[in-house]
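Values reported hereafter were calculated over all heavy atoms of this structure, with side chains retained and with hydrogens, waters and symmetry mates removed.
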Amino acid sequence: MNYNDISVSNNLQIVKKHQRYVAIAGAMAGLLFGLDCGVMGGALPFVASDLQLDSSTQEWVVSAMMFGAAIGAIATGKISVILGRKKSLFWGALLFSIGSLGCAFAPNVDILILCRAILGFSIGITSYTGPLYLAEMSEKKTRGRLIAMYQLMCTFGILVAFLSDTYFSFDGNWRMMLGIVSIPAFILIALIARLPESPRWLASKGSFSNAETILSNLRETKEEVEEELKEIKGALTVKQAGWSLFKTNKNVRRVVFLGMLLMLMQQFTGINIIFYYAPTVFGLAGFTSSLDQMICTVLCGVVNLLATIIAMRFVDKLGRKIILKIGFSIISLSMIVLGICIYFITNGMNYAWIPFTAVAITLICITGFAMSAGPIMWTLCAEIQPLKSREFGIACSTATCWISSTILGATFLTLVNTLGAAETFWLYAILNIIFIAITILLIPETKGVSLEYIEKNLMEGKPLKNIGL
């Protein structure tokens with residue numbers, strides 16, 4: 001091997017090292033999201049018992065986070081433009097640590113709800129900025145897998161929260177459950193210090209030399225850097241941006257509404273009711289002891305994590321659409337069967353096989369979501385938005401995610417009490433069948449193409465389902 005070969009090899013190793021750091025540190029924003037989604041499921045029964053909360057107040061405790069996240073996502077559309085992706089992630093992590101510690105020391109339910117809203121605001125920032133940052137830092141050939149890292153860290157956070165809840169459930173210490181999740185936020189703050197800024201954001205501010213330097217550290221060849229920088233400059237020739245571009249350009253409006261629809265679909269699969277109210281769901285399925293419910297909940301977290309790893313492996317090979325169709329089919333069938341199991345139990349038919357069948361079907365349902373709508377909706381929302389309106393478009397889709405999640409969290413117990421537990425799950429089954437049709441008719445396939453190529457097809461007026469072809 002000559003010196004040139006050694007130099008090329010060393011350069012590739014440095015590039016890979018930078019890529020791994022960006023992927024892990026950027027995706028840790030998803031860890032915060034997952035921690036909070038998971039921790040409240042285990043803590044809620046103990047919070048409700050200690051603070052004497054009725055069903056309506058429990059829904060407020062759960063949904064306050066989602067409401068705050070919706071506000072945070074909307075605000076971050078502007079914050080990310082002004083401060084950049086890196087500083088937005090920093091402030092999101094800092095607010096998360098403040099909100100989680102506030103929840104742990106809350107003296108009453110009013111303060112708890114307020115701190116949950118602060119926590120949600122921070123998650124709105126990180127859930128907006130994390131996928132956006134990863135999309136802008138990644139190569140087109142691995143973009144789907146890299147953005148899916150965000151969802152992987154989210155599922156890992158859910159699992160860690162479930163394990164932590166189980167540990168503290170023996171003495172019902174819900175304050176430790178809610179407070180201990182601040183530790184990963186401090187770790188993320190430390191990691192952010194070494195993260196590079198997004199080259200696309202730098203270019204949008206006219207700092208092309210810095211953008212080129214960062215791309216040189218993340219791409220394997222000089223030719224790749226030059227080609228990507230040329231595409232970025234081309235995308236920046238659009239004079240308008242954000243809201244003004246949305247108002248005047250029908251193609252931008254089309255894709256912004258598509259991003260909002262994608263997130264609405266993700267949330268109304270109904271899967272998050274299992275994570276937000278996991279012990280409650282397993283109680284409906286026949287597991288009466290807190291320990292049994294927590295064990296089942298941890299098992300859900302393990303399956304969720306493993307299925308997301310599967311999605312990461314295939315998202316850039318099979319493509320987005322086929323995985324979504326498979327996932328929605330699995331979820332709809334699982335919701336039907338889970339509803340049947342709960343129907344039997346609520347009508348006094350307590351057969352021994354029903355609780356175990358309900359757990360198995362729940363795990364299958366989680367698998368369907370974690371390998372499809374979970375990671376892929378975040379991927380698509382980050383891919384389809386044009387550069388000049390990317391902050392605005394992703395702000396709209398992320399806000400839709402959290403508004404939908406707020407509605408879901410605030411209505412589940414009410415639906416169970418009015419419509420019926422089994423009927424609630426059947427309702428979500430019908431929605432998932434509708435989502436299969438929407439996937440076929442509207443959603444584009446975006447694997448293996450650059451962000452700028454998708455933008456070019458969109459601006460030429462191609463049908464939404466064809467903008468990645």
Side-chain angles (χ1 to χ4, degrees), residues 26-27 29-30 32-33 66 69-89 91-92 120-138 143-144 146-151 154 197-201 203-204 232 235-236 238 240-246 249 251-267 320 373-405 443-444 446 450-452 454-455 458 464 467-468:
L32 305 187
F33 180 7
M66 283 86 86
I71 302 301
I74 294 169
T76 310
K78 195 68 174 178
I79 293 171
S80 182
V81 174
I82 298 171
L83 299 181
R85 311 337 183 193
K86 179 178 176 177
K87 288 182 180 178
S88 296
L89 284 172
W91 284 106
F121 189 86
S122 74
I123 293 174
I125 295 174
T126 55
S127 64
Y128 167 98
T129 311
L132 171 62
Y133 179 79
L134 292 171
E136 294 187 337
M137 301 297 283
S138 61
R143 190 176 60 242
L146 190 59
I147 301 174
M149 276 283 290
Y150 174 86
Q151 183 68 17
C154 177
E197 184 52 87
S198 162
R200 285 172 170 81
W201 181 81
S204 72
I232 292 171
L236 288 170
V238 178
Q240 293 171 302
W243 170 246
S244 62
L245 188 59
F246 174 83
N249 192 302
N251 291 317
V252 172
R253 289 196 295 272
R254 287 192 304 149
V255 83
V256 168
F257 289 135
L258 176 61
M260 295 169 69
L261 176 62
L262 291 172
M263 280 306 180
L264 187 147
M265 290 166 63
Q266 185 199 61
Q267 292 304 306
R320 286 52 160 160
I376 289 178
M377 293 313 194
W378 289 110
T379 299
L380 284 167
C381 284
E383 290 177 326
I384 61 177
Q385 302 296 339
L387 179 58
K388 277 300 196 70
S389 61
R390 188 164 293 148
E391 290 90 353
F392 176 79
I394 295 179
C396 290
S397 59
T398 307
T400 301
C401 169
W402 289 113
I403 291 169
S404 302
S405 187
I443 296 179
T446 56
S450 70
L451 298 177
E452 288 70 29
I454 295 169
E455 179 175 345
L458 172 71
L464 287 173
I467 61 176

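Every residue two or more places apart in sequence or in another chain that forms a side chain to side chain donor-acceptor pair (under 3.5 Å) with S80 is listed here: R85. For A395, the side-chain contact (heavy atoms from CB on, under 4.5 Å) partners at least two apart in sequence or on another chain are Y128. Listed by chain and residue number, R143, E383, T446, V449, I467 satisfy the side-chain contact (heavy atoms from CB on, under 4.5 Å) test with I454 (two or more places apart in sequence, or in another chain). Taking S397 as the reference, M263, C381, I394 meet the side-chain contact (heavy atoms from CB on, under 4.5 Å) condition, with sequence neighbours excluded. Residues satisfying the salt bridge (Lys or Arg N to Asp or Glu O under 4.0 Å) criterion with E197, sequence neighbours excluded, are absent altogether.
Inter-residue side-chain proximity for I384 and L458 is flagged as unmet; no heavy-atom pair is nearer than 4.5 Å. By the 4.5 Å heavy-atom criterion applied to side chains, M260 and V256 are counted as neighbours. With a 4.5 Å cut-off on side-chain heavy atoms, W378 and Q266 count as touching. Using a 4.5 Å cut-off on side-chain heavy atoms (C-beta onward), I443 and M265 make contact.
Using a 30° and 60° split on the angle between ring planes, F246 and F392 fall in the tilted class, from 30° to 60°.
To the nearest 0.5 Å, atoms OG1 (T400) and CZ (F257) are separated by 10.0 Å. Atom OG1 in T379 sits 6.5 Å away from atom CD1 in I376 (nearest 0.5 Å). Rounded to the nearest 0.5 angstrom, L132 CG and M137 CE are separated by 11.0 Å. The CG atom of L89 sits 10.0 Å away from atom OG1 of T76, with the distance rounded to the nearest 0.5 Å.
For the pair T129 and S88, the tightest heavy-atom approach, listed with the atom from each and the gap, is OG1-CB, 3.7 Å. The two atoms that bring W201 and V81 nearest to each other are NE1-O, 2.9 Å, heavy atoms only. Annotation for I232 and R200: closest pair CD1-CG, 3.6 Å, computed over non-hydrogen atoms. Minimum interatomic distance between A73 and T398 (heavy atoms only, all atoms of both residues): CB-CG2, 3.5 Å. In plain terms, the two heavy atoms of T126 and L32 that are nearest each other are CG2-CD1, 4.4 Å. Taking every heavy atom of both residues into account, G468 and P444 meet most closely at N-CB, 4.4 Å.
Applying the salt bridge (Lys or Arg N to Asp or Glu O under 4.0 Å) definition to pairs two or more places apart or across chains, none involves residues 252-263.
With no hydrogens or angles considered, a side-chain donor-acceptor pair links S198 and E136 at under 3.5 Å.
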